[in-house]
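This report refers to the structure that appears directly beneath it.
We use all heavy atoms of the structure for the numbers below, so side chains are in, but hydrogens, waters and symmetry mates are not. Chain identifiers are assigned alphabetically (A, B, ...) following the order of the sequence lines, protein sequences preceding nucleic acid strands; residue numbering begins at 1 within each chain.
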2 protein chains.
Amino acid sequence: MITNKNCIIRLSRYKNALYRLQALGFVKVFSDNLADAVGGTASQVRKDFSIFGISGNKKGGYQIDSLLEKLNSILGKDQLQKVIVVGAGHIGSALMRYRGFEKEGIKIIAGFDIDPAKINRSNPIPVLPLEEIKAFIKTNNIRIAILAVPDIAAQQAADMICAAGVKGILNFAPLGLKGAEGCIINNVNVEIELENLIYFVNVTEKTRKA
Amino acid sequence: MITNKNCIIRLSRYKNALYRLQALGFVKVFSDNLADAVGGTASQVRKDFSIFGISGNKKGGYQIDSLLEKLNSILGKDQLQKVIVVGAGHIGSALMRYRGFEKEGIKIIAGFDIDPAKINRSNPIPVLPLEEIKAFIKTNNIRIAILAVPDIAAQQAADMICAAGVKGILNFAPLGLKGAEGCIINNVNVEIELENLIYFVNVTEKTRKA
DNA sequence: TTGTTATTGTGAAAAACGGAACAATATGAT
DNA sequence: ATCATATTGTTCCGTTTTTCACAATAACAA
């Protein structure tokens, strides 16, 4: 089994680049085109494909449409992914309003919040009270949730939705969560990303001076 | 020089965990406490520290306050970091309203947008027209920018702020950017993170069945 | 003091990863 | 038909990263 997270991220990037190339009218692509497009090496592109049994044509490159089909299948994009957002604060609402997911086959079908003032059942994407989340997850067979609650509430919320059957959580709380058994947690942490950036900016500046 | 991004991310996580432990009244910590707190191994904690010349006490662990001082210094948190946000749409505004940065010594001092309707000079964090960004960056010596513009505008915006002197960009556009010489780009891509999560959820589910 | 124990710090081993190289081969030219 | 060329698929190799293992040693107990 592939455990290399970076490899899967590269597949997503290839996929996105392929859509752009397709929109420009290209029909086939070579490994070094893709490498340029995502900032890698041609070897690595070919190796990534080979890991998943994707093959092209000697001297002919890869057919973009069939390549996209295979990548989409690997990435689980051959079925609509229903996702919920837990926490309807600034970040949660921004994510619910974001229109970029739909074209990726990801549909946010509801938000949840503990604050009664945030409840809104008539929205295109309704915001429901937290008490209903367990039933909702079961009824709609939700497997993926985005967690955008304050850090103090994050672990409890994570435990709750894991127990209700969620299998993957994208966590925006600035806090590492203990994943319940059988539930994968990916963290998106803007503070940490910024700290990282600051570190490397500082280091390269120092190095440049020396 | 350390080039290992994951290692620096771990330092941030250690730092965050240490603050939590400190708030709970702890004064010292052992490598395996930290490993538990961030989800790693005790060896790795010690090795990460050893890379940066951080040492503890045999049988006594590490003093939390002095450890925090050292980590904060490595992560550039001994001075306030002024940051601008480019793009005042949903994500840009959510980031500007987010209060979590201040306690990390990161201060968003202005936003910029091309849409005149979004301009607001009297806000605590003013939103200024894009034409002023170059002068602003130079005047205020801005080194870090958060890019939250639509993908179509992202590369152009990145080029502009790099040329104006920005040294690091945190890019929220769902698109890999070509970094100008001397400018580091970190990407935060929620779609890709979700795809990644979906992939691993699917794979572990399949593996479990088999 | 002496012995026991817990924990660090690091050197060595193992694993994971990415990149270079090249044989295999399909395509197109002559 | 033959040759030259471009590109893939994969093996091999170097590097990076993680884990293991244990000597060194500080703290504590008897």
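OP1 and OP2 of D:dT18 both lie 4.0 Å or more from every side-chain N or O belonging to B:R46. Here B:N33 does not reach the OP1 or OP2 of C:dT7: none of its side-chain N or O atoms lies under 4.0 Å away. Phosphate proximity of C:dG18 to A:T41: absent, as no side-chain N or O sits under 4.0 Å from OP1 or OP2. In terms of phosphate contacts, A:S43 brings no side-chain nitrogen or oxygen within less than 4.0 Å of OP1 or OP2 of C:dG18. A close approach under 4.0 Å does occur between a side-chain nitrogen or oxygen of B:S31 and OP1 or OP2 of C:dT8.
For the residue pair B:R143 / A:N202, a side-chain donor-acceptor distance below 3.5 Å is found, with atom types taken as modelled. In this structure, a donor-acceptor pair under 3.5 Å is present between the side chains of A:N187 and A:N171. A side-chain donor from one of B:Y14 and B:D48 sits under 3.5 Å from a side-chain acceptor of the other.
One can place CD1 of B:I2 at 12 Å from C1' of D:dT17, the figure rounded to the nearest angstrom. For the pair A:D32 CG and D:dT7 P, the interatomic distance rounds to 7 Å; values are reported in whole Å. Rounded to an integer number of Å, the gap from A:Q44 CD to D:dT8 P is 15 Å. In this entry the distance linking CZ of A:F52 with P of D:dT8 reads 19 Å, nearest Å. For the pair B:F30 CZ and C:dA6 P, the computed distance is 11 Å after rounding to whole Å. Protein atom CZ of B:R10 is 8 Å distant from nucleotide atom P of D:dT19, rounded to whole Å.
Between the CZ atom in B:F112 and the NZ atom in B:K118 there is a gap of 15.0 Å [rounded to 0.5 Å]. Expressed to the nearest 0.5 Å, how far NZ of B:K70 lies from CG of B:D65 amounts to 10.0 Å.
Counting only residues at least two apart or on different chains, the side-chain hydrogen bond (donor to acceptor under 3.5 Å, both in side chains) pairs with a member in residues 91-100 of chain B are A:H90-B:R97, A:E191-B:Y98.
B:S55 comes within 4.0 angstrom of the backbone, heavy atoms only, and of no base. A:Y62 comes within 4.0 angstrom of sugar-phosphate atoms only, judged by non-hydrogen atoms across all strands, and of no base.
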Where do N or O atoms of nucleotides 23-29 of chain C meet protein N or O atoms at under 3.5 Å, pair by pair?
residue: C:dT27; atom: O2; partner: A:K59; partner atom: NZ; Å: 2.9

How far apart are the C-alpha atoms of B:Q79 and A:I198, what are their side-chain angles, what is the distance that settles it, and do they pass the side-chain contact (heavy atoms from CB on, under 4.5 Å) test?
-> CA-CA 11 Å; B:Q79 54 182 343; A:I198 290 166; over 6 Å; no
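Looking at B:K47, its side chain has no donor and acceptor atom pair within 3.5 Å of the base of D:dT17.
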